[in-house]
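Here the structure is laid out as structure tokens; the discussion comes afterwards.
Just so we're on the same page: letters track the sequence lines, and every chain starts at 1.
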There are 2 protein chains.
Amino acid sequence: MADLTITEVSKKYDIKPDTLRYYERIGLIPKVPRQSNGNRYYNEGLQGWIEMIVCLRHSDVPVEKLVDYAEMLRQGDSTLDAREELLKEQLAELEQRKSNLNRSIKRLKHKISLYDSGEIKKGKSYFEEYKIMDD
Amino acid sequence: MADLTITEVSKKYDIKPDTLRYYERIGLIPKVPRQSNGNRYYNEGLQGWIEMIVCLRHSDVPVEKLVDYAEMLRQGDSTLDAREELLKEQLAELEQRKSNLNRSIKRLKHKISLYDSGEIKKGKSYFEEYKIMDD
DNA sequence: TCTTGACCTTGAGTTAACTCCAAGTAGTAC
DNA sequence: GTACTACTTGGAGTTAACTCAAGGTCAAGA
């Protein structure tokens, strides 16, 4: 895999150059190597790291947690346990999120079915339709 | 179901009184009826509506979208189609979110398994471990 | 040589969604 | 009557995560 400029990485992962620089500033991405003119180039390892970050950010894993993880990586083997712990916490968080999501999806689908069946039309008062669903 | 005070609703749905007042201010909750002393009381219909909002907010459906929906509800039958449309859009959004989430969960699990198997320990350089996963 | 375009830096501005604060009132407990 | 508690209001402050603006450098092409 070839080195890429900031705009190329930006396009590859659909993330703004400003965001990439911001991530570097706060320590989420390590010091990116530069060309002689000062421009950044992203090698294979960096691209993999960025891919990971972008993936987790799409699921709203907090930037702060990712920074903590990156910081621990930098510190080396002494942080192995803490790193694993952090990953497990975030996993638990996402599983929770997934269950919330399923609940919301179920609710929306139910409500849409009421619209589709015409049940919502029947002259209900504006908020009456919001009886608690039995779930 | 009985009427509840703001603190009671707050406890029931685990949401701060300030947030409930804020939701009312921005039109996400309709004008809440008051007791003679000016205090709010939430009747059954309102509680159902709040339950719905809280559920969808747990999945990060934007407050703005919910306000739009509430506004359309207030406008009555002429907005039926637009309301259904909005619900369908949000549903699509949540399905997308769910697929992101599954991807992230898979990734975290994989990474945790590397820690558990001891593979991460083997003197890898700090970011080398972030090769792109084949998913 | 001049201009264009892609990059750079620092620092400020924006957005969403709360969250808090100060000051005031109503109702009850002693 | 006074303290205490639970509410009220309007408005200001906070947080996370970008996002943008202003001004500067540098290499390539007309």
Side-chain angles (χ1 to χ4, degrees), chain A residues 2-43 46 50 52-71 90 93-94 97 100 104, chain B residues 2-43 46 50 52-71 90 93-94 97 100 104:
Chain A
D3 293 350
L4 300 180
T5 68
I6 198 166
T7 351
E8 285 163 344
V9 170
S10 151
K11 277 169 189 154
K12 182 169 177 188
Y13 299 111
D14 193 25
I15 175 178
K16 299 201 173 150
D18 268 333
T19 305
L20 282 166
R21 283 187 282 257
Y22 163 69
Y23 282 168
E24 189 178 342
R25 206 156 62 208
I26 63 174
L28 178 48
I29 295 175
K31 285 273 181 197
V32 176
R34 307 303 183 99
Q35 288 162 340
S36 54
N37 61 8
N39 291 11
R40 289 166 176 82
Y41 65 90
Y42 296 82
N43 56 32
L46 278 170
I50 289 165
M52 169 86 164
I53 285 168
V54 166
C55 173
L56 296 182
R57 285 295 302 133
H58 278 148
S59 297
D60 296 305
V61 173
V63 166
E64 192 191 2
K65 295 291 172 187
L66 298 174
V67 171
D68 288 352
Y69 187 82
E71 178 57 30
Q90 293 314 304
E93 181 64 39
L94 294 196
R97 211 91 64 77
N100 292 153
S104 296
Chain B
D3 292 350
L4 299 180
T5 67
I6 199 165
T7 354
E8 285 163 342
V9 171
S10 149
K11 277 169 189 153
K12 183 168 177 189
Y13 298 112
D14 194 24
I15 174 177
K16 300 202 172 150
D18 268 332
T19 305
L20 283 165
R21 284 188 280 258
Y22 163 69
Y23 282 169
E24 190 178 341
R25 209 159 56 211
I26 63 174
L28 178 48
I29 296 175
K31 284 273 178 198
V32 176
R34 306 305 182 98
Q35 288 163 340
S36 53
N37 61 9
N39 290 13
R40 292 168 175 81
Y41 66 90
Y42 296 80
N43 56 33
L46 278 170
I50 288 164
M52 169 85 164
I53 285 167
V54 166
C55 172
L56 296 182
R57 285 297 300 135
H58 278 146
S59 297
D60 296 304
V61 174
V63 166
E64 192 190 3
K65 295 291 173 188
L66 298 174
V67 171
D68 288 351
Y69 187 81
E71 178 57 30
Q90 293 314 305
E93 182 64 40
L94 295 196
R97 212 92 62 77
N100 290 155
S104 295

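For B/Arg34, the side-chain contact (heavy atoms from CB on, under 4.5 Å) partners are B/Glu24, B/Arg40, not counting sequence neighbours. Residues passing the side-chain contact (heavy atoms from CB on, under 4.5 Å) test with A/Thr5, sequence neighbours excluded: A/Thr7, A/Glu8. Looking at residues two or more places apart in sequence or on another chain, you find a side-chain contact (heavy atoms from CB on, under 4.5 Å) between A/Asp3 and A/Tyr41, A/Asn43. With sequence neighbours left out, the side chain to side chain donor-acceptor pair (under 3.5 Å) criterion links B/Ser10 to no other residue. Residues that satisfy the side chain to side chain donor-acceptor pair (under 3.5 Å) test with A/Thr19, not counting sequence neighbours, are absent from this structure.
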Sugar-phosphate means primed atoms, P, OP1 and OP2; the rest is base. With that split, encode nucleotides 1-16 of chain C 5' to 3' as B, S or - using protein heavy atoms under 4.0 Å. -----SSSBBB-----
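When rounded to the nearest whole Å, the span between CD of A/Gln35 and C1' of D/dA28 equals 15 Å. Atom CG of A/Asp14 and atom C1' of D/dC18 are 14 Å apart (whole Å). The CG atom of B/Leu66 sits 12 Å away from the C1' atom of C/dA17 (whole-angstrom rounding). In this entry the distance linking OH of A/Tyr23 with C1' of D/dC18 reads 8 Å, nearest Å. Atom CG in A/Asp60 sits roughly 14 Å away from atom C1' in C/dA17 (whole-Å rounding). If you measure from atom CD of B/Glu24 to atom P of D/dG10, you get 11 Å, rounded to the nearest angstrom.
Distance check, rounded to the nearest 0.5 Å: CZ of A/Arg57 to CD1 of A/Ile15 gives 9.5 Å.
Between A/Lys16 and the phosphate of D/dA17, there is no side-chain N or O to OP1/OP2 separation shorter than 4.0 Å.
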